[in-house]
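One structure is given here, and the rest of the page talks about it.
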Amino acid sequence: MIHLTPFVITIVLLALVAASVVAAIAVSRARRLDRLHQRILASRDALSRLLVRRASEVELLAHTAALDPAVGATLLDAARAYIRDGGDQLTTDGLDRRTPGQRQADQVEVSARLERASALSRAIRDGLSSAVRSRVAADPEGAARLEALDATCYRIELTRNVHNVDVAGVRTLRSTRMVKLLRLAGHAPIPEPIDFDDDTRTGGRGY
C-alpha cells in the first residue's frame, strides 16, 4: 500500500488544479477562435451581398434620377462592371476551406473584384455631389433611391470595419504562446482583412 504524505498530496492537488485551469483557458480560447472565424465568414457573405446590392441600387438610381448624362453613364458603367463580375470571394486566405490551388487561382480575380468595388465607390463619391444630391432628392422616386443607396453604403462600411476588427482579433489571439503550442486554431489559415475604397461620401479620400 502506497502512503502519500500531505506534502505530496498537496502537490498533486495543485498540479490537478493548474492543469484544469490551463485546460479551461485553452477550451475558452479555442471556442473564441471558432466564434471569430464564423463571424468573419458571416461578415464576408454579408459584405458580398451588400456590394451587389449597392451596384444594383446605383443602376436603378442612374435610370430614374435626373442626373447629368455623363455622371449617369459613369455610375452605370461602374455598377454594371461589378454586377457582371458575378463573383463572391473577397479574399484569398482560404478560410472558407478552399484548396491552395483554388486560392492561387482566385488571387487575380479577387484583386480585380476589389478594384471594381473601389471604382464604384469613387464614381458615387465624385458623381453624387451635394448639388447633384439636392437635384435628385427633389424627385420622390429619386429621393427614395438615394436613401436606399446611402443606407447600403453605410452598411458596407460598417460590415467591412467589423470584419477587419475581427480579423485583427484572430491574428492577435493566434499570436499568443498557448494558441501556438496547443495548436488551438487547428489547420485554419490566418484570415486576411478586406481592403478596398468604400468611402462614398462627397469629399472623401477613400482608404
Side-chain angles (χ1 to χ4, degrees), residues 36 39-93 95 106-139 141-172 191-207:
L36 285 171
R39 280 177 51 175
I40 287 170
L41 291 174
S43 294
R44 290 178 182 180
D45 288 342
L47 186 57
S48 180
R49 291 192 297 269
L50 286 168
L51 286 170
V52 174
R53 180 188 299 178
R54 182 182 69 165
S56 298
E57 288 170 350
V58 168
E59 187 175 27
L60 290 172
L61 182 67
H63 282 306
T64 61
L67 293 174
D68 178 90
V71 173
T74 299
L75 288 171
L76 203 55
D77 288 345
R80 286 176 173 173
Y82 195 87
I83 292 172
R84 282 197 301 269
D85 179 276
D88 59 357
Q89 296 293 341
L90 299 175
T91 66
T92 57
D93 55 28
L95 191 63
D106 284 343
Q107 286 181 358
V108 175
E109 292 182 9
V110 168
S111 178
R113 185 170 303 127
L114 294 178
E115 175 51 36
R116 281 189 279 271
S118 296
L120 182 52
S121 296
R122 291 192 293 269
I124 296 170
R125 183 168 67 239
D126 297 338
L128 298 181
S129 63
S130 299
V132 172
R133 284 174 171 273
S134 297
R135 189 162 61 250
V136 171
D139 173 63
E141 184 179 4
R145 297 292 187 197
L146 189 59
E147 183 178 356
L149 174 60
D150 286 341
T152 300
C153 290
Y154 172 75
R155 290 182 63 190
I156 286 172
E157 290 188 48
L158 183 63
T159 302
R160 189 172 78 90
N161 182 63
V162 169
H163 171 274
N164 288 350
V165 167
D166 284 341
V167 167
V170 167
R171 286 172 170 260
T172 298
E192 300 171 354
I194 297 176
D195 292 319
F196 66 93
D197 183 355
D198 61 3
D199 187 356
T200 56
R201 292 165 293 184
T202 301
R205 295 180 180 275
Y207 65 96

Closest non-hydrogen atom pair between Leu120 and Ala55, with its separation: CD2-CA, 3.8 Å
Pair Leu61-Val136, side chain to side chain contact (heavy atoms under 4.5 Å, CB included): steps then yes or no: CA-CA 9 Å; Leu61 182 67; Val136 171; 4.0 Å; yes
Spacing of Leu47 atom CG and Asn161 atom CG [to the nearest 0.5 Å]: 11.5 Å
Heavy-atom check, side chain of Ile156 versus side chain of Leu51, under 4.5 Å: yes
Sole residue of Leu114, Asn164, Leu90 in side chain to side chain contact (heavy atoms under 4.5 Å, CB included) with Asp195: Asn164
Ionic contact status for Arg122 with Glu115, cut-off 4.0 Å: yes
Residues in side-chain hydrogen bond (donor to acceptor under 3.5 Å, both in side chains) contact with Asp88, at least two apart in sequence or another chain: none
Atom of Ala46, atom of Thr159 and distance for their closest heavy-atom approach: CB-CG2, 4.3 Å
Which pairs of donor and acceptor atoms, one on a side chain in residues 72-80, lie under 3.5 Å apart (sequence neighbours left out)?
unit_1: Thr74; atom_1: OG1; unit_2: Ala70; atom_2: O; d: 3.0
unit_1: Arg80; atom_1: NE; unit_2: Glu59; atom_2: OE2; d: 3.1

Rounded distance [0.5 Å steps], OG in Ser121 versus CG in Asp126: 10.5 Å
CD on Glu192 to OG1 on Thr92, rounded to 0.5 Å: 4.5 Å
Interatomic spacing from OG in Ser56 to OH in Tyr82 - rounded to 0.5 Å: 10.5 Å
Nearest-0.5 Å distance, CD1 of residue Ile124 to OG1 of residue Thr152: 9.5 Å
Separation between CG of Leu146 and CG of Leu60, rounded to the nearest 0.5 Å: 12.5 Å
Residue pairs passing the salt bridge (Lys or Arg N to Asp or Glu O under 4.0 Å) test where at least one lies in residues 39-57, sequence neighbours excluded: Arg39-Asp166, Arg44-Asp93
Chi angles and distances behind the side chain to side chain contact (heavy atoms under 4.5 Å, CB included) call for Val132, Arg135: CA-CA 5 Å; Val132 172; Arg135 189 162 61 250; 3.8 Å; yes
Atom of Leu95, atom of Pro191 and distance for their closest heavy-atom approach: CD2-CB, 4.1 Å
Donor-acceptor pair, side chain of Arg125 and main chain of Asp199, under 3.5 angstrom: yes
Arg201 and Glu157, any side-chain heavy atoms less than 4.5 Å apart: yes
Side chain to side chain contact (heavy atoms under 4.5 Å, CB included) between Val167 and Leu36, intermediate numbers included: CA-CA 8 Å; Val167 167; Leu36 285 171; over 6 Å; no
Any donor-acceptor N/O pair, Arg113 side chain to Gln89 backbone, under 3.5 Å: yes
side-chain hydrogen bond (donor to acceptor under 3.5 Å, both in side chains) contacts in which one or both residues fall within residues 141-151, not counting sequence neighbours: Arg133-Asp150
Ser43 versus His163, closest heavy-atom pair with distance: CB-CB, 3.8 Å
